[in-house]
2 protein chains.
Amino acid sequence: MPPDLTPRQEDFLRYLREEIRRAGRAPSLRRAARDLGISHAAVAQLLRALEEKGYARRQGRYSRTVHLLNPARRTAGLQRWREIPVVGRITAGLPMYAQQQWEGSVVLDAELYRGENLFALRVRGDSMTGAGILDGDLAVCQPRQYACNGEIVVALIGGEEATVKRFFLGGDHIELRPENPAYRPVRYGFDEILVQGRVIGIQRGPDVMRRLEG
Amino acid sequence: MPPDLTPRQEDFLRYLREEIRRAGRAPSLRRAARDLGISHAAVAQLLRALEEKGYARRQGRYSRTVHLLNPARRTAGLQRWREIPVVGRITAGLPMYAQQQWEGSVVLDAELYRGENLFALRVRGDSMTGAGILDGDLAVCQPRQYACNGEIVVALIGGEEATVKRFFLGGDHIELRPENPAYRPVRYGFDEILVQGRVIGIQRGPDVMRRLEG
DNA sequence: CGGGAATGTCAATACAAATGTAAATGCAAT
DNA sequence: ATTGCATTTACATTTGTATTGACATTCCCG
């Protein structure tokens, strides 16, 4: 994605969209200037910014027609793939994207995994084998600070290393349930658990498969 | 390669690469500082260290653009991703790549999956849940006409639909072993089984994960 | 067609916020 | 002691956004 818009530019883009939809074409610089309470030259600058960032296009030098490029079009042919970071440890500090430990990145099928800001986590231990999640698997996660009953989440227990478990909310506690008879569910107080994300996919590479054959 | 970098600097370099690839350009010092949980001046020092050691270059004195120069980049010229076909049915006719049934394709991380002519197969049934392979998973396969004991393979049983099982060779038979106590191993004559490939990876998407949450 | 009104462009300028630089300093490990 | 890595603080530069005014182009109506 091209460099993102500043808040101001986003406002302006929103305004432009609205006007074009309403009137069929873009307003003049001075008209827009009146609407927005700024000067016409400022509008011209904003418009140029949008143009440089690929959100709009104009014809000739003095043309008064503006085309907005829709975001899907902007990427010129949807990417078939995407890359997300593999975080090693997720320290307790929020927000999520602070203090991350970069372990690298992994490429995913973009049509399979939607959503913003996905990240991946290397699964340690065999507490979730019952749900088909093995030691060494890569868990693809969608960042979230809450969870619903039964969802498989990655959570921080008291600021420790992150773990993957099934989530259940009780009246006065949170229960994290492993998916392996060798382990037992554990209950925690609300202040002991920090949900970091929901597991929406699993990637198992040749290394893990090879170990299975051991 | 010459790791004349300290571990810290290597971390930072890795972080830089990820960010540049993700956002198209280097983050600001203070943004990086937030991400890494250190002060902006510390980032500037790290950056200067990388510059002095020849891993990065910047333009002017106050420029915000950073170029990474070290060719040690794993993915320098190489594609970071690859696309392989998802075959629906594998017909008995050999060679493998004739007469396939195209169900689409899937994108994989090229650094994770090596090898030529990989293909993927949608797993049906729950006979392999014990090995962490669930109904609906995508099995990434390496084409092979043979197999070793204990390997998880995709095989054709008497020209029927392909199945995924663990492979064992007996003196006078082939045993295909499910990984689920509800099923039993089955023995076949040599002429009843056609090994089509070895499973080297698993892809589980949001759809399957969602079903897990019931 | 011609001319005025509306519109787009450019240049100089201002200011705040974000960003990069530098200096002084502390601490731990070699 | 030196080096790597961190801090804090002060300062310089760039960028985004705004201004104003002069000028060029286009549109439209008489």
Side-chain angles (χ1 to χ4, degrees), chain A residues 1-16 19-20 22-68 89 91 93 95 97-102, chain B residues 2-16 19-20 22-68 70:
Chain A
M1 203 110 38
D4 246 359
L5 300 180
T6 67
R8 196 73 188 83
Q9 290 164 358
E10 245 174 287
D11 283 352
F12 179 60
L13 180 57
R14 228 183 341 263
Y15 162 80
L16 259 192
E19 281 302 299
I20 287 182
R22 206 172 51 75
R25 69 174 187 188
S28 76
L29 293 192
R30 284 169 172 86
R31 165 75 200 292
R34 267 202 316 282
D35 285 353
L36 299 173
I38 59 180
S39 74
H40 65 276
V43 176
Q45 284 177 56
L46 283 171
L47 192 49
R48 159 125 36 113
L50 288 190
E51 216 175 341
E52 277 168 4
K53 295 187 178 180
Y55 283 77
R57 182 138 313 162
R58 282 195 290 177
Q59 314 250 0
R61 195 170 125 113
Y62 280 86
S63 163
R64 293 175 200 178
T65 61
V66 177
H67 290 286
L68 292 189
R89 273 175 317 189
T91 68
Y97 275 78
Q99 294 274 100
Q100 279 183 356
Q101 188 97 352
W102 247 256
Chain B
D4 44 353
L5 294 182
T6 68
R8 195 72 189 86
Q9 289 164 357
E10 241 173 293
D11 280 352
F12 178 61
L13 182 57
R14 209 168 19 242
Y15 161 79
L16 259 192
E19 281 303 298
I20 287 182
R22 200 175 57 74
R25 67 173 178 204
S28 74
L29 293 190
R30 282 166 175 88
R31 164 75 200 292
R34 269 202 314 280
D35 285 350
L36 299 173
I38 59 179
S39 74
H40 68 273
V43 176
Q45 286 177 50
L46 283 172
L47 191 51
R48 167 151 5 132
L50 288 191
E51 217 175 341
E52 280 167 4
K53 295 185 179 181
Y55 283 77
R57 180 141 315 160
R58 282 193 291 177
Q59 314 251 2
R61 192 170 127 111
Y62 279 84
S63 163
R64 292 175 199 179
T65 60
V66 176
H67 291 284
L68 297 184
N70 195 319

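The analysis underlying the following values was restricted to heavy atoms, covering all of them including side chains, and did not include hydrogens, waters or symmetry mates. So that the names make sense, note that chain A is the first sequence line, chain B the second, and so on, each numbered from 1.
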*A:R31: partners by side chain to side chain donor-acceptor pair (under 3.5 Å), with sequence neighbours left out*: A:D35

*Those residues that, when tested against A:A49, pass side chain to side chain contact (heavy atoms under 4.5 Å, CB included) (two or more places apart)*: A:Q9

*Atom-to-atom span, CG of B:L47 to C1' of D:dA6 - whole angstrom*: 16 Å

*Tell me what A:I38 touches on the nucleic acid: a base, only sugar-phosphate, or nothing, going by heavy atoms under 4.0 Å.*
sugar-phosphate

*Please determine if a side-chain N or O atom of B:R8 lies less than 4.0 Å away from the OP1 or OP2 oxygen of D:dA6.*
yes

*asked:* Is there a side-chain contact between A:T6 and the phosphate of D:dT17, meaning an N or O under 4.0 Å from OP1 or OP2?
replied: yes

*How many angstroms lie between OH in A:Y55 and CG in A:L5, if you round to the nearest 0.5 Å?*
4.0 Å

*For each nucleotide in nucleotides 25-30 of chain C, reading 5' to 3', give B when a protein heavy atom comes within less than 4.0 Å of its base, S when such contact involves only the sugar-phosphate, and - otherwise.*
------

*To the nearest Å, how far apart are B:L5 CG and D:dG4 C1'?*
13 Å

*At their closest point, which heavy atom of B:A32 faces which heavy atom of B:Y15, and how far apart are they?*
CA-OH, 3.3 Å

*Roughly how many Å is it from CZ in A:R48 to P in D:dG16, rounded to a whole number?*
12 Å

Sub-3.5 Å pairs of nitrogen or oxygen atoms, protein against nucleotides 20-27 of chain D:
residue	atom	partner	partner atom	Å
D:dG21	O6	A:H40	NE2	3.3
D:dT26	O2	A:R64	NH2	3.3

_Degree of bending, the helix from C:dC1-D:dG30 to C:dT30-D:dA1 (end axes from five pairs; round to 10°)_ = 30°

*asked:* Rounding to an integer number of Å, can you tell me how far A:R31 CZ sits from C:dT7 P?
replied: 9 Å

*asked:* Can you measure A:E51 atom CD to C:dG8 atom P for me and round it to whole angstrom units?
replied: 13 Å

*Mind calculating the distance between CG (B:D11) and C1' (D:dA6) to the nearest angstrom?*
15 Å

*asked:* Once side chain to side chain donor-acceptor pair (under 3.5 Å) is applied, do any residues pair with A:Q45, and if so which ones, sequence neighbours excluded?
replied: none

*Specify the separation, in whole Å, of atom CG of B:L50 and atom P of D:dG4.*
12 Å

_With rounding to the nearest 0.5 angstrom, report the CG to CG distance, A:L50 to A:L16._
6.5 Å

*Name all residues meeting the side chain to side chain donor-acceptor pair (under 3.5 Å) criterion together with A:D11; count only those two or more places apart in sequence or in a different chain, and write none if there are none.*
A:R14

*With sequence neighbours excluded, tell me which residues meet side chain to side chain contact (heavy atoms under 4.5 Å, CB included) with B:A42.*
B:I38, B:S39

*Do any pairs count as a salt bridge (charged side-chain N to carboxylate O under 4.0 Å, His left out) and have a residue in residues 40-51 of chain B, sequence neighbours left out, and if so which ones?*
B:E51-B:R58

*Apply side chain to side chain contact (heavy atoms under 4.5 Å, CB included) to A:A44 and list each qualifying residue two or more places apart in sequence or on a separate chain.*
A:L29

*Working for side-chain contact (heavy atoms from CB on, under 4.5 Å), residues B:F12 and B:L47*: CA-CA 8 Å; B:F12 178 61; B:L47 191 51; 4.2 Å; yes

_Protein-nucleotide distance (B:F12, atom CZ; D:dC5, atom C1'), rounded to Å_ = 13 Å

